[in-house]
2 protein chains.
Amino acid sequence: MVHQPYETLIHKSEAVDADAMVLGLPDVCGDQALEASACCKRPRGRPRAYDPDLVLKKALHVFWQKGFAATSLDDLVEATGVNRPSLYAGFGDKEALYLKSMQHYRQRISEQLDTVLCCNGQGDSLTTIVGRYFDIMIGTYTGQSEHPLGCAFMCTALNEAPQHESILEMLQNTIEEFDVRFERFFIDAQTYGCLSAQHDPKVLAQMIGGITANLGVRARAGASADELRLIAGNMTRMLFG
Amino acid sequence: MVHQPYETLIHKSEAVDADAMVLGLPDVCGDQALEASACCKRPRGRPRAYDPDLVLKKALHVFWQKGFAATSLDDLVEATGVNRPSLYAGFGDKEALYLKSMQHYRQRISEQLDTVLCCNGQGDSLTTIVGRYFDIMIGTYTGQSEHPLGCAFMCTALNEAPQHESILEMLQNTIEEFDVRFERFFIDAQTYGCLSAQHDPKVLAQMIGGITANLGVRARAGASADELRLIAGNMTRMLFG
DNA sequence: AAATTTTTGTGCGAATTGGTACAAAAATTT
DNA sequence: AAATTTTTGTACCAATTCGCACAAAAATTT
C-alpha cells in the first residue's frame, strides 16, 4: 500500500477529525503513522523528513491568511518545505490537509482554555477568569502575523461551509463544543456560588460566543489587541459587573 | 473608449464603492451608465441587454454561496445570463463585481434597517424595535436558499480581507457604519427616555454587533430561523429585559 | 441611408490549478 | 548483502482559471 491516505478515503464526509482529536489519533495518514504511534521503535521504510505537527502549523498559517480556496498547493509546498506528493501521502488532499490544520488550531486553543476556564469557587472571580479567556483569544487573533488574522474558523471555514460537507461538520462540532464548554463553566460557577442563579448558563454561553465572534471579526478588519481588550472589557463588565 | 471600466481602474484600492453608495453613483461602469443616470433619454449605442441591479443580485447569490475565490467567471456567467466580456465591460473584473454585489447587499439591508431602527420615544419599546431588527437580519441570513447562507460579509469578505485591500476597506467601512448606526440609535433612545443613562451606547452597539455576528455564524452552520430567533430573544432579554 | 457609438458573443490563449506516475533514495528486515 | 518497505523528488497531465481580441449586432446621430 503506497501513497494511499486511507484515512481520508474512508471518513471523508464524517466528523472524523473532531473524533480523531478527542480519541488522540494521529493526524498523519502515511504508513509510518500507525506504528510510530504504537511503539517508539522506528518504522520500516524511509523515515519521514518533516515533523507533521510543524507542517500542520505552517499549513494553517497559509490557510489562515489566504483562505482555503485561494491557497494553492504550491503555496503549501513553499510554506511547509514538503513537496507535493509527500504532502499528499502524508495528509491526503487539500481539503484533508485543511481539516487537519484546523484541528491543530482547535486543539491548541482547547488546551489553552483548559488551563484557564475552570471555576471551583476558590480561585479568582468570574470576571477575572472570563477576562483571561478573552486575553487568550485576542492573543491568537492578533499574534500570528504583523497584520491580525482574526478567528481562523470564522474567517476561513465559514466561507467554505456550503460547498464542503466535511468543513461544515467541523464547524458545527466546533460551535457545539464551544457552547457546551461555556455552559458547563457557568453551571459550575453557579454551583460554587460565583454566579447568581438568575443567569441562564446557556444564554450566557451564547453571549460569550457572540462577543468572541465580534473580536474575531474586528481583528481580521485590523483592530489591534489593545482595542480588542477594551471591547472585551466593556462587554464583560456589562454582563457580570 | 470601448470595454474600459475606467471606474475600477481609477478607484481600485480606495473605498470607492462605499462612497459611491453614499453619493448615489451608479454601480455600472459601461459608457451608457453616465448618460443613463443623467437623463432619461436613451444613450447612443446598442442598449444593454441586462438589468444591472438584477445581475448584481444574482452575482451576489453565487458569491454568497461559494465565496469570492471559489466563484469562477463561468459561474457568474451562468448565474447572471450575461456573458463574460459584457460582465467585464459593465462591472470591471471579478473583484469589482464582487464589491458591487456586496454594496448591493449592504444597501438593501441598510434600507430595511432605516424603516425599523428609529426611536423617537413615541412608538414601540426598545426591546420590540431590537427584536424587529434581529428578525430582519435572521430573514436575510436564512431566507436566500433552502440552506441558510448566513451573513455575506462575515462568511465571504472576512475570508478575502488580508489578500484584497479593497475588500478589507469595504469590511472596515461596513463595521464602522454598523457601530455608528447603533450608537446613534441608543443615544436617541436615551434622550427619549427609552433607555436608562447607565447604559453606554457604544458598548451596547458592540453588544448588538456581537449578537448579530453570532447569528450570522450559526446560520451558516445550519441553524434554522426559529433557533436563531430563540437565541436573539434570549440575548435581547438579557440585555434590556 | 451612411456614419458613429456601444454592447454582444464567439473563441482563444497564457497561466495556474489539483492531483499523480515513476524512479531514486533511505531506512529496516531477512 | 539482498530483499522489502516507505518516503522523496522530478516531471507531467488534464482541467480550469481569468481576461481579452475581434467581428457582428443594435441602437442613435448626422
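For the numbers below, each heavy atom of this structure counts, side chains included, while hydrogens, waters and symmetry mates do not. Everything numeric here is computed off the predicted structure, so don't read it as measured data. In what follows, chains carry the letters A, B, and so on, assigned in the order in which the sequence lines appear, proteins first and then strands, with residues in each chain numbered from 1.
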Give the dot-bracket line for DNA chain C from 5' end to 3' end: parentheses for intra-strand Watson-Crick or G-U pairs under 3.5 Å, square brackets for crossings, | for inter-strand pairing, dots for unpaired.
||||||||||||||||||||||||||||||
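By the 30° and 60° cut-offs, the orientation of the rings of B:F63 relative to B:Y98 is perpendicular.
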Step by step, would you call A:W64 with A:R220 a side-chain contact (heavy atoms from CB on, under 4.5 Å)?
CA-CA 10 Å; A:W64 202 342; A:R220 188 85 161 184; 3.7 Å; yes
Pair A:V62-A:T80, side-chain contact (heavy atoms from CB on, under 4.5 Å): steps then yes or no:
CA-CA 9 Å; A:V62 187; A:T80 61; over 6 Å; no
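Within the model, atoms CD of A:E160 and SG of B:C155 stand 11.0 Å from one another, a figure rounded to the nearest 0.5 Å.
Here D:dT6 presents its P atom at 20 Å from CG of A:L87, a figure rounded to the nearest Å. Look at CG on A:L76: it is 13 Å from C1' on C:dT17, rounded to the nearest Å. The separation between A:Y88 atom OH and C:dG19 atom P is 4 Å, rounded to whole Å. Protein atom NZ of A:K94 is 19 Å distant from nucleotide atom P of D:dA15, rounded to whole Å. Atom pair A:Q163:CD and C:dG18:P shows a separation of 16 Å (rounding to whole Å applied). Atom CG in A:L97 sits roughly 14 Å away from atom C1' in C:dG19 (whole-Å rounding). Computed from coordinates, the B:D93 CG to D:dT17 C1' distance equals 14 Å when rounded to whole Å. Between the CZ atom of A:F68 and the P atom of C:dT17 there is a distance of 13 Å, rounded to whole Å.
In the set D:dA26, C:dG9, D:dT8, the nucleotide with an atom closest to the side chain of B:R46 is D:dA26.
Contact annotation: B:S86 side-chain N/O to C:dT7 OP1/OP2 distance is not under 4.0 Å. Between B:S72 and the phosphate of D:dT16, there is no side-chain N or O to OP1/OP2 separation shorter than 4.0 Å. Side-chain N/O atoms of B:N83 include one lying less than 4.0 angstrom from OP1 or OP2 on C:dG9.
Between B:A49 and A:D74, the residue whose closest nucleotide on DNA chain C is further toward the 5' end is B:A49. Residue-to-nucleotide proximity on DNA chain D shows that, of B:G45 and A:P47, the 5′-proximal contact is made by A:P47. The nearest heavy atom of DNA chain C to B:V82 and to A:L73 marks one nucleotide each, and the one closer to the 5' end goes with B:V82.
Taking only distance into account, the side chain of A:R44 never meets the base of C:dA27 through a donor-acceptor pair shorter than 3.5 Å. One can find a donor-acceptor pair under 3.5 Å joining the base of C:dG18 and the side-chain atoms of A:R84.
Not less than 6.0 angstrom separates the ring centroid of A:F185 from the ring centroid of A:Y133.
In terms of modelled atom types and a separation under 3.5 Å, the side chain of B:R218 and the main chain of B:A223 share no donor-acceptor contact. Formation of a donor-acceptor pair under 3.5 Å by the B:K66 side chain with backbone atoms of B:S72 is not found in this model.
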